[in-house]
Structure formats: structure tokens, C-alpha cells
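One structure is given below, encoded as C-alpha cells.
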Amino acid sequence: MPELPEVEVTRRSFADRIAGAHIVSASLGKPLRWPLGIDCAALAGRQVLGVRRRGKYLLLDLSEGLLLLHLGMSGSLRFAGPGEAPLGAAGAHDHFDLQTTQGLLRLHDPRRFGAVVYVPGEDDALARKLLDHLGMEPLEDSFSLEAFRRGLAASRSPIKQLLLSGSVVVGVGNIYASEVLFLSRIHPARPARDIGPRKVRALHEAIRAVLALAVEQGGTTLRDFSAANGMEGHFQLQARVYGRDGQPCTHCSRPIRLMRQGQRSTYYCVHCQAA
DNA sequence: CATGTTACCTGGTCGC
DNA sequence: TGCGACCAGGTAACAT
């Protein structure tokens with residue numbers, strides 16, 4: 001479900017409310033992708049200093065160590081502070097509860113591809129394994145055109161798959177990959193290194209613009225995504241190609257095509273995104 | 001090494 | 001209505 005915009009919208013929807021809170025208790029439901037790595041009881045008493053994001057990971061900085069959260073394909077968080085409607089008893093797909101002095105944070109994740117991992121510090125082996133290989137942050141100034149150009153030039157992979165891999169730039173998932181390639185008029189199967197400088201520039205700009213707009217729109221809600229405050233996203237209303245198989249291209253009116261790349265669906269316009 | 005494939009898990013949808 | 005096949009927003013681990 002969640003690509004960078006959904007994760008960032010989720011972060012913003014509870015970061016301020018949980019910052020400064022002390023953990024009262026934590027509990028786990030069914031196993032997620034990895035073990036928590038610490039006894040739930042040992043988390044009690046620690047303070048949540050803040051919430052950061054790296055790629056599609058959320059990092060809860062604690063007074064001692066940090067909690068690394070990933071929403072996988074179907075995860076979402078919910079946070080209810082005092083005076084808000086309580087979240088109630090954990091349901092069949094609620095797999096992590098963090099009760100704090102400022103509210104309850106709950107992870108809901110039917111497919112359980114998500115993760116909650118305690119790491120003692122940033123130099124922890126697991127944290128490094130998960131975070132160190134990640135590419136540039138698309139909404140940071142460090143995501144320069146020149147660095148992006150170098151990243152693409154180093155790969156023969158089809159551009160769609162290179163974007164999905166996150167090795168050059170993080171956060172562009174299956175929906176936004178199709179969207180940014182449409183906007184920059186690049187064929188999804190084109191080898192990254194063969195993309196001309198003007199199109200690289202257009203793609204760089206599209207990534208920044210689309211992700212920023214999607215964050216503004218509250219992300220994309222296809223089925224059940226909502227931020228930690230329950231708000232749904234609206235970006236799906238302006239998707240140009242994703243999920244529009246057979247419908248007319250907004251630019252040339254020819255039908256949008258669906259193709260498979262590495263077991264994932266790619267939507268594109270054969271005419272506007274010529275090979 | 002870079003690149004392509006598999007596996008993880010549940011639920012919804014579609015065709016028969 | 002039931003059942004199987006296939007699809008879904010991610011990504012580490014493995015195979016080639």
C-alpha cells in the first residue's frame with residue numbers, strides 16, 4: 001500500500017502528538033516480518049522523542065534506541081490520543097500496540113509484510129542492513145539532478161524497475177513509478193542509462209513534483225489506506241495512468257496499456273511514452 | 001558484480 | 001453459493 005507519500009502523510013498525522021510521550025506498554029499480535037528484537041515489557045518507561053522517515057521506513061526515536069516501522073503492502077497506523085474516539089480492542093489484523101502517556105499507536109497490517117523492529121542505535125547491524133543501501137530522499141535538496149543522472153547512467157535496468165528498487169532514489173513505488181514515467185514521457189522498459197539528458201531532467205522533476213503533490217493530497221487511498229488520524233488520501237483522483245488500463249490517455253486519447261515488469265503491473269501510453 | 005526471480009501473507013475479485 | 005486462479009501499495013533473500 002504505502003509508498004513514500006503515504007508513509008510521510010502517516011508520519012505527519014501523529015508525530016507531533018506522540019512526541020514527548022512515555023511508553024506505558026507494548027504488545028504484539030501475530031508475527032510480522034521480523035521479531036521485535038526486544039521484550040515488549042522492556043520498552044515501558046522509554047520516551048518517544050520524535051518520528052523520522054527514511055524511504056518507506058518510519059523511525060521512532062526513543063530515549064534509548066529506536067523503533068523502526070515498515071508498513072509493507074497493507075499496513076497502516078492509527079493513533080488515538082486522550083479525548084479522541086478510542087481504538088478499542090485489537091482486531092484480527094492489529095499486530096502491534098504501543099500504549100503511551102499521550103495516546104495509543106496501533107499497527108494494522110492484514111498481509112503482515114510490515115515490520116516493527118527495535119534497534120539499539122543507528123549503527124546496529126540490522127538497522128544498517130535495512131537502511132544503508134537506500135537511495136536518495138526525493139524530497140530533500142540532496143536529490144540533485146546531477147546525482148540522479150549519475151545513478152541512472154550506472155544501470156542497464158529498465159527504468160521502471162530501477163525506480164522500484166530504491167537504489168537510486170527511495171519512495172517511488174508501483175503507483176508513482178507509472179505516474180512519473182508518464183509525465184516525463186519515458187517508456188517504462190527503457191534501460192536507465194539510455195535515457196537522454198532532457199528526459200532525465202524531466203523525470204527528476206516529475207519525481208519531486210508528483211511525490212510532493214501526493215503528500216499534499218494526503219497520499220493515495222486505493223482500498224483502505226488512511227493516515228494515523230483516519231484521513232484518507234485523494235491523489236488517486238489525479239492518477240493519469242495507474243489503474244487506467246484501456247481508458248483514454250489524458251494527453252493523446254489512445255488507450256492506456258498494462259504490461260508486466262518483474263511480476264508488477266506497469267501502466268503507460270504506447271504513443272506518449274514511445275520506446 | 002548486476003540483474004532477474006521467489007517468497008513472505010491475507011483478502012478481494014473474477015470466471016466457471 | 002462454491003472454488004480455484006489471479007491480483008494487490010514492498011523488499012529481502014536467493015538464483016542466474
Side-chain angles (χ1 to χ4, degrees), chain A residues 1-11 28-35 53-58 68-77 91-96 107-117 125-135 150-180 188-194 210-211 214-215 217-227 232-239 241-246 258-267:
Chain A
M1 159 203 331
E3 304 181 35
L4 183 147
E6 291 72 43
V7 177
E8 177 60 20
V9 165
T10 296
R11 189 190 71 79
L28 289 166
K30 287 187 181 178
L32 293 165
R33 184 153 191 180
W34 292 289
R53 179 187 56 74
R54 176 73 177 103
K56 297 169 189 168
Y57 289 91
L58 288 173
L68 183 156
L69 307 188
H70 197 287
L71 302 180
M73 286 279 261
S74 59
S76 61
L77 292 177
H93 302 304
D94 297 326
H95 305 302
F96 181 70
L107 172 67
H108 177 84
D109 184 8
R111 293 178 72 179
R112 291 190 281 130
F113 288 171
V116 182
V117 175
L126 180 54
R128 293 172 78 109
K129 184 173 68 177
L130 298 180
L131 302 177
D132 276 8
H133 68 279
L134 296 180
R150 280 197 300 273
L152 297 200
S155 173
R156 276 179 294 255
S157 296
I159 182 60
K160 162 78 168 358
Q161 287 168 277
L162 183 64
L163 290 176
L164 281 190
S165 78
S167 59
V168 175
V169 57
V170 294
V172 181
N174 206 42
I175 296 175
Y176 298 111
S178 284
E179 294 301 312
V180 298
R190 165 155 284 205
R193 59 155 56 164
D194 295 343
V210 166
L211 295 183
V215 170
Q217 303 278 308
T220 296
T221 297
L222 288 186
R223 294 179 180 75
D224 52 7
F225 169 75
S226 61
E232 298 195 339
H234 303 290
F235 182 85
Q236 68 278 8
L237 298 176
Q238 29 199 311
V241 287
Y242 185 85
R244 299 191 65 247
D245 182 24
L258 169 60
M259 72 187 270
R260 291 249 138 210
Q261 290 183 285
Q263 330 286 65
R264 312 301 300 279
S265 295
T266 301
Y267 298 85

Can you tell me, in whole Å, how much space there is between the P of B:dC9 and that of C:dC3? 23 Å
I need the CE-P distance between A:Met73 and C:dA12, as an integer number of Å. 14 Å
Rounded off to whole Å, could you give me the NE2-to-P distance for the A:His93 and C:dA8 pair? 20 Å
Nucleotide C:dG10, atom P - distance to OH of A:Tyr57 in whole Å: 12 Å
Intra- and inter-strand pairs of DNA chain C in dot-bracket (Watson-Crick or G-U wobble, both distances under 3.5 Å; | for another strand): .|||||||.|||||||
Looking at every strand, decide which applies to A:His95 at a 4.0 Å heavy-atom threshold: base, sugar-phosphate, or nothing. nothing
With sequence neighbours left out, the residues meeting salt bridge (charged side-chain N to carboxylate O under 4.0 Å, His left out) with A:Arg264 are none
Residues two or more places apart in sequence or in another chain: which of them pass ring-ring contact (aromatic ring centres under 6.0 Å, His included) with A:Phe96? none
Quick one: side chain to side chain contact (heavy atoms under 4.5 Å, CB included) partners of A:Val9, sequence neighbours excluded? A:Val215, A:Ala227
Residues at least two apart in sequence or cross-chain that pass side-chain hydrogen bond (donor to acceptor under 3.5 Å, both in side chains) with A:Arg190, listed by chain then number, are none
With sequence neighbours left out, the residues meeting side-chain hydrogen bond (donor to acceptor under 3.5 Å, both in side chains) with A:Arg223 are none
Set of residues satisfying side chain to side chain contact (heavy atoms under 4.5 Å, CB included) with respect to A:Tyr57, sequence neighbours excluded: A:Leu59, A:Leu68, A:His70, A:Leu130, A:Leu131, A:Leu134
Please report the distance, rounded to the nearest Å, between NZ in A:Lys160 and P in C:dT11. 13 Å
Starting from P on C:dG9, measure out to CG on A:Leu163 and report it in whole angstrom. 15 Å
Who pairs with A:Ser157 by side chain to side chain contact (heavy atoms under 4.5 Å, CB included), at least two apart in sequence or on another chain? A:Ser155, A:Leu162
Taken to the nearest whole Å, CG/A:Asp132 to P/C:dA12 is 12 Å
Can you tell me how far C1' of C:dG10 sits from CG of A:Leu69, to the nearest Å? 15 Å
Classify the nucleic acid contact of A:Ser265 as base, sugar-phosphate or nothing, counting any heavy atom under 4.0 Å across all strands shown. sugar-phosphate
Check side-chain hydrogen bond (donor to acceptor under 3.5 Å, both in side chains) between A:Thr221 and all other residues, then give those that pass, not counting sequence neighbours. none
What nucleic acid atoms does A:Phe235 come within less than 4.0 Å of, heavy atoms only: base, sugar-phosphate, or nothing? nothing
For B:dT3 and C:dG9, measure between their C1' atoms and round to the nearest Å. 24 Å
Grab the N/O contacts between the protein and nucleotides 13-16 of chain C below 3.5 Å, and write none if there aren't any.
| unit_1 | atom_1 | unit_2 | atom_2 | d |
| --- | --- | --- | --- | --- |
| C:dA13 | OP1 | A:Lys129 | NZ | 3.3 |

Can you see which heavy atom on A:Leu58 is nearest to which on A:Arg11, and at what distance? CD2-CB, 3.6 Å
Taking only residues two or more places apart in sequence or in another chain, which ones pass side-chain hydrogen bond (donor to acceptor under 3.5 Å, both in side chains) with A:Gln236? none
Heavy-atom contacts, protein to nucleotides 3-9 of chain B, under 4.0 Å, summarised as B (base), S (sugar-phosphate only) or - (none) per nt, yield SS-B-BB
In whole angstrom, what separates A:Leu222's CG from B:dG11's P? 19 Å
Strictly by modelled atom types, are A:Arg260 and A:Ser265 linked by a side-chain donor-acceptor pair under 3.5 Å? yes
For a quick test of reading the model: is some side-chain N or O of A:His70 closer than 4.0 Å to OP1 or OP2 of C:dG10? no
Heavy-atom pair of closest approach, residues A:Tyr176 and A:Ala214: OH-CB, 3.4 Å
